[in-house]
Each structure stands twice: as C-alpha cells, then as structure tokens.
Amino acid sequence: MKLIKIPLVLSFLSVIFLTVACEDTENTPESGTISGVITFLETWPETGTISISLNTSWPPTGAPYAFKTIESDDLNANNEYSYSFENIAFGIYASIIVSWQDPDDLNPMTNQYTLGAHGGTDPTAVTVSETEYELTGLDFGADLSLAASN
C-alpha cells in the first residue's frame, strides 16, 4: 500500500507544479498596446496624406516603428480620431506624431510636416514594458492649418 501512495503523491504534485507553472507564463504579456484620441483643429487638407506614427527617435529618422493613415471619414463628429497601436514590442518610443505628407514634394527628407505630437512641441517618450503594457489616454491635438495645402 505504501508503494502505491508515493507514486500517486508524486504524480499529483507534478500535475500541480505544471499547472501553476503554465498559469504564470500565460499571464505574462509579450507585447503592449498604446492608444488615445487625437483632436484635429481646422480644415482637412485638400491633398496629401495624414498619418499617425510611432517612432523610436525624435526627430524621426528612417521608417517609423508603426504607422496608420488617417482619412477625414475616420473622424467622429467632434473631429476626433481614436488610435491604437497593438502588439508593440517592449521598449522606449521617442514620439507619437501626426503628420501630413506633401504630394508635391517627392523628397522623403522634406515632404513630411508635423501637425501634432503626444507631449506637444517636444514629444514625450513612451515606455512599453511587462509592467506597463496597456498605455491608454495618450491624447493630443493636431493642427491641420500646418499642412501646406490649406
């Protein structure tokens, strides 16, 4: 009888250990989310592209970490756009900006105009980590009058 109890107890403890270990890994986030609302001021430009980007540097150099194009139809009745970047790798992001791309300027070094940034004229860096992985309420404004086509 004693020989049967020891393997049974060891089996039971192994199951408990594996169950607890699996639960811990399932609750550990592997990436983060950044979201907020952009309030647009003034009139939407007749030409060009408006986009929001998440950048690893300020001022931005090279391609952004993530970006989305924004259309005027994406705004609500209060000229607000709700944005969300999902599956963001842990790290520090130097800027979240809204920009306008001038369709008449083909030079990628000069054809982007910043319309607004999280944190104002000096963007605020955002850190995504295992403990701070759902960053919400990162709201800011974008001034469409800064687009040259207006």
Side-chain angles (χ1 to χ4, degrees), residues 11-150:
S11 296
F12 180 70
L13 289 175
S14 296
V15 169
I16 289 175
F17 176 75
L18 290 173
T19 303
V20 171
C22 289
E23 285 179 17
D24 288 341
T25 59
E26 288 178 13
N27 292 332
T28 303
E30 295 180 10
S31 62
T33 301
I34 296 172
S35 64
V37 175
I38 303 164
T39 303
F40 285 90
L41 308 171
E42 301 298 329
T43 307
W44 200 264
E46 294 177 18
T47 63
T49 303
I50 304 285
S51 62
I52 180 172
S53 62
L54 178 62
N55 304 280
T56 56
S57 63
W58 179 255
T61 55
Y65 177 83
F67 81 98
K68 295 179 181 185
T69 301
I70 304 170
E71 303 291 335
S72 61
D73 294 343
D74 297 333
L75 278 57
N76 66 17
N78 296 321
N79 285 336
E80 297 172 333
Y81 173 76
S82 295
Y83 73 92
S84 179
F85 292 111
E86 299 173 354
N87 298 316
I88 302 299
F90 299 139
I92 299 172
Y93 298 92
S95 62
I96 303 170
I97 63 169
V98 172
S99 63
W100 174 75
Q101 182 178 8
D102 183 353
D104 297 325
D105 184 351
L106 301 179
N107 183 347
M109 299 299 291
T110 59
N111 68 359
Q112 295 285 331
Y113 294 80
T114 300
L115 306 178
H118 172 257
T121 55
D122 189 20
T124 303
V126 176
T127 301
V128 181
S129 67
E130 282 187 21
T131 56
E132 297 289 330
Y133 57 91
E134 287 188 19
L135 304 174
T136 60
L138 302 180
D139 306 341
F140 61 97
D143 186 353
L144 294 168
S145 69
L146 298 174
S149 73
N150 283 331

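Predicted model only: the values in this text are computed from it and were never measured.
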Expected list for residues 117-130: side-chain donor-acceptor pairs under 3.5 angstrom, two or more places apart:
from: S129; atom 1: OG; to: T131; atom 2: N; distance (Å): 3.4
from: S129; atom 1: OG; to: T131; atom 2: OG1; distance (Å): 3.2
from: S129; atom 1: OG; to: E132; atom 2: N; distance (Å): 3.0

Review point. Under the ring-ring contact (aromatic ring centres under 6.0 Å, His included) test, which residues partner Y113, sequence neighbours left out?
Key: W100
Practice item. Say whether, by atom type as modelled, one donor and one acceptor occur between the side chain of D143 and the main chain of S145 under 3.5 angstrom. Key: yes
Practice item. To the nearest 0.5 angstrom, please state how far the OG1 atom of T33 sits from the CG atom of L135. Key: 8.5 Å
Review point. Mind checking whether F40 and S72 have side chains closer than 4.5 Å, heavy atoms only?
Key: no
Check your understanding: When you look at CZ of F140, are more than 12 heavy atoms from neighbouring residues, nucleotides or ligands closer to it than 6.0 Å?
Key -> yes
Study note, to complete from the structure: Of all heavy-atom pairs linking S57 and S95, the shortest is O-OG, 3.4 Å
Check your understanding: Under 6.0 Å from the CZ atom of F67, do we count more than 12 heavy atoms belonging to anything else shown?
Key -> no
Point to revise | CD on E30 to CD1 on I88, rounded to 0.5 Å | key: 14.5 Å
Check your understanding: Which distance, rounded to the nearest 0.5 Å, do you find between the OG of S31 and the CZ of F85?
Key -> 14.0 Å
Point to revise | Main-chain N/O of V37 paired with D139 side-chain donor or acceptor, under 3.5 Å | key: yes
Review point. Of the non-hydrogen atoms in D74 and T69, which two are nearest, and what is the gap between them?
Key: OD2-O, 4.1 Å
Practice item. Drop me the distance from D102's CG to T49's OG1, to the nearest 0.5 angstrom. Key: 10.0 Å
Revision key, fill the gap. In this structure, CD1 of I70 is separated from CD1 of I52 (nearest 0.5 Å) by 5.5 Å
Check your understanding: So, the side chain of D105 versus the backbone of N107: is there a donor-acceptor pair under 3.5 Å, distance only?
Key -> yes
Exercise for review: Hey, could you give me the CD1/CH2 distance between I50 and W44, rounded to the nearest 0.5 Å?
Suggested key: 5.0 Å
Check your understanding: Do Y65 side-chain atoms and A89 backbone N/O form a donor-acceptor pair below 3.5 Å?
Key -> yes
Exercise for review: Write down the atom of L138, the atom of Y83, and the distance for their closest heavy-atom approach.
Suggested key: O-OH, 2.6 Å
Exercise for review: Find out whether P64 and N55 are in side-chain contact, i.e. whether some heavy atom of one side chain is under 4.5 Å from a heavy atom of the other.
Suggested key: yes
Review point. Given L144 and L115, is the side chain to side chain contact (heavy atoms under 4.5 Å, CB included) satisfied, shown in steps?
Key: CA-CA 6 Å; L144 294 168; L115 306 178; 3.9 Å; yes
